[in-house]
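The structure displayed is predicted, hence computed values, not measured ones.
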Amino acid sequence: MSESALREQICDLARSLFDRGLTHGSTGNISARTEDGGLLVSPTGTSFGRLDPARLSRFDVSGRLIGGDPPTKEMPLHAAFYDTRSTAGAVVHLHGTHSVALSMLPETDPDNVLPPLTPYAIMQLGRVKLLPFFVPGDPAMGDAVRGLAGKRSAVLLANHGPVVAGRDVVAACNAIEELEATAKLALLLRGTSPRMLTAAQQRAVITRFDVEWDE
């Protein structure tokens, strides 16, 4: 994909997420690898609903800002995923309401925040790690992701929101939408006794779709 097409794709996908209420105001950030190994990144303080393709932050392959507006303050998060996951072609961070709510519940499993409700969350996300609260922009968020040694494609920041890496920007957006949808399901079913996927059913999905599943 040409850089100009990638710029348009990033902004179109971000606008779609914003228009459907999956992030709001000036929250959230998004990045994607360019053909030359650099990065395009949403600028700091911008709204997903109004990103300008020409003003995306542009980094070269060495990580030097070479064009566009100043990048999101969450660059340490993005850099950590790119540095530890060779398959990462894009990273998306949202402040999805249901995901954030799930991060606050005391019964949420910090090692695997999503209950096994559907096969699709397993297929697209694997196990999602709950990370502790950090002040927005704190480089320690990146350190926490690095501490996972590339074993997770998705994390949920406590009281903050999800971050997902994918092979490209479409895959990353699809996966983070699945995370938010599954978090919504979990909240809707809270206090009931839903029929979750059994361990055998989960293993069948993991095996059939070759899912990364850090035990």
Side-chain angles (χ1 to χ4, degrees), residues 10 14 23 27-34 36-44 56-66 68 70-96 99-100 102-104 108-114 121-180 182-183 206 210-215:
I10 290 169
T23 202
T27 64
N29 35 80
I30 187 170
S31 66
R33 281 281 186 211
T34 55
D36 64 2
L39 287 176
L40 289 170
V41 184
S42 56
T44 187
L56 295 177
S57 309
R58 177 65 157 93
F59 289 82
D60 65 15
V61 68
S62 66
R64 182 170 59 99
L65 182 66
I66 59 173
T72 170
K73 62 181 174 292
E74 309 291 19
M75 275 305 296
L77 269 177
H78 292 252
F81 273 108
Y82 290 118
D83 290 348
T84 59
R85 290 184 62 83
S86 61
T87 57
V91 176
V92 184
H93 168 43
L94 301 180
H95 292 193
S99 301
V100 175
L102 190 65
S103 80
M104 300 178 192
T108 295
D109 180 354
D111 200 50
N112 189 15
V113 302
L114 299 177
I122 295 171
M123 291 158 57
Q124 295 195 47
L125 297 155
R127 289 157 64 90
V128 181
K129 180 79 171 181
L130 178 64
L131 296 181
F133 174 75
F134 298 96
V135 174
D138 187 344
M141 286 190 285
D143 295 338
V145 171
R146 291 177 194 279
L148 300 175
K151 294 180 179 179
R152 303 292 178 98
S153 67
V155 299
L156 181 56
L157 302 170
N159 303 73
H160 188 160
V163 192
V164 174
R167 66 182 181 277
D168 55 39
V169 70
V170 173
C173 287
N174 285 343
I176 206 165
E177 286 193 52
E178 193 64 45
L179 198 162
E180 176 67 7
T182 306
I206 292 164
D210 194 23
V211 176
E212 290 182 79
W213 195 258
D214 171 40
E215 297 290 357

Taking all heavy atoms of [X] and all of [Y], pick out the closest pair and write down the distance.
{"X": "Ala32", "Y": "Val169", "answer": "CB-CB, 4.3 Å"}
{"X": "Val41", "Y": "Ser31", "answer": "CG2-CB, 3.8 Å"}
{"X": "Gly96", "Y": "Pro162", "answer": "N-CD, 4.2 Å"}
{"X": "Leu125", "Y": "Ser153", "answer": "O-OG, 3.3 Å"}
{"X": "Val163", "Y": "His93", "answer": "CG2-ND1, 3.6 Å"}
{"X": "Met141", "Y": "Leu157", "answer": "SD-CD1, 3.7 Å"}

To the nearest 0.5 Å, how far apart are [atom1] in [X] and [atom2] in [Y]?
{"X": "Leu156", "Y": "Asn159", "atom1": "CG", "atom2": "CG", "result": "9.5 Å"}
{"X": "Thr182", "Y": "Leu179", "atom1": "OG1", "atom2": "CG", "result": "6.5 Å"}
{"X": "Ile30", "Y": "Ser42", "atom1": "CD1", "atom2": "OG", "result": "7.0 Å"}
{"X": "Phe81", "Y": "Leu148", "atom1": "CZ", "atom2": "CG", "result": "7.5 Å"}
{"X": "Met104", "Y": "His160", "atom1": "CE", "atom2": "NE2", "result": "11.0 Å"}
{"X": "Leu39", "Y": "Thr34", "atom1": "CG", "atom2": "OG1", "result": "6.5 Å"}

**OP:** Compare all side-chain heavy atoms of Leu130 with those of Ser103 and state whether any distance is below 4.5 angstrom.
**Re:**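 Touching, per the 4.5 Å side-chain cut-off.
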
Subject >> Over 12 non-hydrogen atoms of neighbours within 6.0 angstrom of CZ in Arg167 >> reply: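 No, CZ of Arg167 has 12 or fewer neighbouring heavy atoms, counting only those of other groups under 6.0 Å.
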
Subject >> Main-chain N/O of Thr23 paired to Thr27 side chain as donor or acceptor, under 3.5 Å >> reply: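 No; zero donor-acceptor contacts below 3.5 Å.
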
**OP:** Please step through side chain to side chain contact (heavy atoms under 4.5 Å, CB included) for the pair Val91 and Leu77, ending with a clear verdict.
**Re:** CA-CA 9 Å; Val91 176; Leu77 269 177; 6.0 Å; no

Subject >> Of Glu74, Lys73, Met75, the residue whose pairing with Asn29 passes side chain to side chain contact (heavy atoms under 4.5 Å, CB included) >> reply: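 Between Asn29 and the candidates, side chain to side chain contact (heavy atoms under 4.5 Å, CB included) is satisfied uniquely by Glu74.
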
**OP:** May I have the step-by-step check of side chain to side chain contact (heavy atoms under 4.5 Å, CB included) for Leu102 and Leu114, ending in yes or no?
**Re:** CA-CA 9 Å; Leu102 190 65; Leu114 299 177; 3.9 Å; yes

**OP:** Show your working on side chain to side chain contact (heavy atoms under 4.5 Å, CB included) between Arg58 and Leu65 and close with a plain yes or no.
**Re:** CA-CA 6 Å; Arg58 177 65 157 93; Leu65 182 66; 5.6 Å; no

Original post:
Taking 4.0 angstrom as the limit, do Arg127 and Asp109 come out as a salt bridge?
Top reply: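 No, this pair does not count.
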
Original post:
Who pairs with Glu178 by salt bridge (charged side-chain N to carboxylate O under 4.0 Å, His left out), at least two apart in sequence or on another chain?
Top reply: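 Scan of Glu178 (salt bridge (charged side-chain N to carboxylate O under 4.0 Å, His left out), adjacent residues dropped) gives none.
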
